[in-house]
Protein chains: 4
Amino acid sequence: MAIRKTSRQGVIDHALRLFRRNGYHYTSMADIGTACGLLKGSIYHYFSTKEELASATLEKEINVAKEHIFNSAYQEGNSDQQRLIDFAEGISLHFKDREGGCLMANFAFEAGNTLPELMPIIAHYFEEWVESLAHILEKRYGRHRALELAADSLARTQGALLLMKVDNRAQAALQRTQHDMLSLLG
Amino acid sequence: MAIRKTSRQGVIDHALRLFRRNGYHYTSMADIGTACGLLKGSIYHYFSTKEELASATLEKEINVAKEHIFNSAYQEGNSDQQRLIDFAEGISLHFKDREGGCLMANFAFEAGNTLPELMPIIAHYFEEWVESLAHILEKRYGRHRALELAADSLARTQGALLLMKVDNRAQAALQRTQHDMLSLLG
Amino acid sequence: MAIRKTSRQGVIDHALRLFRRNGYHYTSMADIGTACGLLKGSIYHYFSTKEELASATLEKEINVAKEHIFNSAYQEGNSDQQRLIDFAEGISLHFKDREGGCLMANFAFEAGNTLPELMPIIAHYFEEWVESLAHILEKRYGRHRALELAADSLARTQGALLLMKVDNRAQAALQRTQHDMLSLLG
Amino acid sequence: MAIRKTSRQGVIDHALRLFRRNGYHYTSMADIGTACGLLKGSIYHYFSTKEELASATLEKEINVAKEHIFNSAYQEGNSDQQRLIDFAEGISLHFKDREGGCLMANFAFEAGNTLPELMPIIAHYFEEWVESLAHILEKRYGRHRALELAADSLARTQGALLLMKVDNRAQAALQRTQHDMLSLLG
DNA sequence: TATGAATGAGGCTTCATTCAT
DNA sequence: GATGAATGAAGCCTCATTCAT
């Protein structure tokens, strides 16, 4: 019984998916264990508390979002239009068929009153989102207005993801959000 | 031993506030009892399960939102412009200083995988929102486009409320949302 | 299932006996529950943590010791000799057939590194012991020497109780301790 | 992968110190491992159970006590007075600044109901103590009374060590104990 | 020898719920 | 109607122990 069954990364990946779908509280250590093929107690070999594991999933999500979405804002070789296209498409692909919507938003709902240590990570994620999108827009709109437009676009995107939890037809709202984003440099 | 300390409505009001601030799971029956001046066991005189109580808070929230927001869309005596102004202002007032943001959105995050019976009520709330806002806009935009615009506005509003959980500066995004709503008939 | 099965005092009494015999750690909440006829979870109706329950047992032990032992030092009607006789006899009766010896000493071993909040209660107990015995002796020996003699007598008593854990023949050592105590005013 | 990091003796030494300070239960195999520079699993190369390791620490403690204390009772070249002086001084040095007091006494508190296999070793330690001290005294007092006096002295010493856990001022009581011991042949 | 991964039992605690009074 | 006592299931976490590498 010392056969390696998974890895720190493996645990993070399974936990991330479960947290995204069911939230922090409704995901038990036993659930995560089952998903990894471990017993609940064995997860403590990799993480010393559930909260530390949650923190690791948030870090991972930030890195993935950077790779999938935010980084496209800084591609030196691309025009602003192209960067915006890539940004919007990155969002579409990132949340496509992603059960549970946005991990960060889900945590934002739970973290406020019970996991205050996680709030800064979540805030950082949203800031990166706004900052990178504003970076694309600021040549056209100036920094101040670009930040406003970026924040509004983020809000619409997150709102659409929320509505999709209740009614799948809201997927159309998400698409319109991406579409309207493109028209900002259209 | 039977002095009436509160009422069904009293319990609902306290529970609603707690659910909005802390979420369904993180609000215990004991918390609600404390807020009402009851012991947790006594709540079962009014509601047979916690979920039934939650359901009652959702119904109440719908009614309040109708009164504060949605009904303004159907005021026969008012112009569409005036209705839209009232609608936007209703939203502002409804969520002003409301700790925890939107009860319905909060439940949407928790209800999906764990309280499926509540989803229809939540869906109904968002439909009422879209339907009433679209009612104001459809003379100008036609029904189909009016529904889209209404849904997008709802998404932006909910997204802004979410961002406010993480960073209070997002209040500005909420205001811009109301402002842009008005310009739809400007 | 709402039949009263025990009381706060009942829980304290059972817990005290188990803590004395088996120590704090080796007594589980389930053990205490079993002794009371409760489930482990039900104990939390009376005490919010195991440590709080432990604290209550220490308070109780102090009160019992005052009644059985320490108070005899302050009986106005009695001569010093008589007080000393009562004091020594109180000790004998208090620890007679008391499985586990002295609750306070047992806790002193565990409390140091893991339950620091309990140390002051334990210290208080030993101080009361020394203070009351010295009160009997100080007319004869002066306060300073009386405090020394009292502390030495306490040490011998506690040491004898410890040895009895290992070898029941040490009961004789406990008796000699009481005997030598009497000869202090002999 | 097989570099020797420590030895059986090394593990015993570290474990002994931890058991003395924190007790058997509150010392985890991981703690011992950390102290030795090993992982907890590696300790099982030297000892097949935690209890066996505990047993080894008790054996070691007995040997050290013999060397430091008990043997002085049998020094053929010395007078009884000198032997007693050495015995008392051995005790003083042995427990001087020894965090946690007497390993054997600590185990006596835990071992009774949970580690019965260790009781004989502990009993043996106390017997050696009494036997060797009585050996010094028996020419003067006769065997029977010498055994009593030795047991009483041991009790007082252990009691003083216990009181030191609660209040460091009890160090004076320990010193008086050694002093009174000397006066037995004074 | 030493490691790191895994186990499984057990511990404390929380909580929705029930019910006799 | 309200209470307080009790339940039982579940949750997080710890730890001695095992074992393939």
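The chains referred to below are lettered A, B, ... by the order of the sequence lines, with proteins before strands, and numbering in each begins at 1. Just so it is clear, the values below take in all heavy atoms, side chains as well, and ignore hydrogens, waters and symmetry mates.
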Verdict with reasoning, B:Gln9 to B:Ile12, per side chain to side chain contact (heavy atoms under 4.5 Å, CB included):
CA-CA 5 Å; B:Gln9 263 312 313; B:Ile12 291 175; 3.7 Å; yes
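- When heavy atoms are screened at a 4.0 angstrom cut-off, D:Thr6 is found touching the sugar-phosphate backbone but no base atom.
- Base-pairing analysis of DNA chain F finds the following stems of at least three consecutive Watson-Crick or G-U pairs, with both pairing distances under 3.5 Å: E:2-21 with F:2-21.
- Scanning residues 35-55 of chain C for heavy-atom distances under 4.0 Å to DNA chain F yields C:Leu38, C:Leu39, C:Ser42, C:His45, C:Tyr46.
- Looking at A:Asn106, its side chain does come within 3.5 Å of a backbone N or O of A:Arg20 through a donor-acceptor pair.
- Remark: side-chain polar atoms of D:Ser48 are not paired, donor with acceptor, to backbone N or O of D:Tyr44 under 3.5 angstrom.
- Whole-Å rounding puts the C:Asp31 CG to E:dA9 P distance at 18 Å.
- The CD1 atom of A:Ile62 sits 8.5 Å away from the OH atom of A:Tyr125 when rounded to the nearest 0.5 Å.
- E:dG11 atom C1' lies 12 Å from atom OH of D:Tyr26, rounded to whole Å.
- Residue contacts shown for B:Thr27 are limited to sugar-phosphate atoms, with no base heavy atom under 4.0 Å away.
- A distance of 10.5 Å separates CG of D:Leu58 from OH of D:Tyr24, quoted to the nearest 0.5 Å.
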Tabulate below the donor-acceptor pairs under 3.5 Å that side-chain atoms of residues 29-43 of chain A make, not counting sequence neighbours, or state none.
unit_1	atom_1	unit_2	atom_2	d
A:Asp31	OD1	A:Ser28	OG	3.4
A:Asp31	OD2	A:Ser28	N	3.1
A:Asp31	OD2	A:Ser28	OG	3.3
A:Thr34	OG1	A:Ala30	O	2.9

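- Between atom CD of residue A:Glu99 and atom NZ of residue A:Lys165 there is a gap of 10.5 Å, rounded to the nearest 0.5 Å.
- Comparing A:Lys5 and B:Ala30 along DNA chain E, the residue whose closest nucleotide (by nearest heavy atom) sits nearer the 5' end is A:Lys5.
- The separation between B:Met29 atom CE and F:dG8 atom P is 20 Å, rounded to whole Å.
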When you look at A:His25 and A:Leu115, which way does the side chain to side chain contact (heavy atoms under 4.5 Å, CB included) test go after all the steps?
CA-CA 11 Å; A:His25 167 79; A:Leu115 306 166; over 6 Å; no
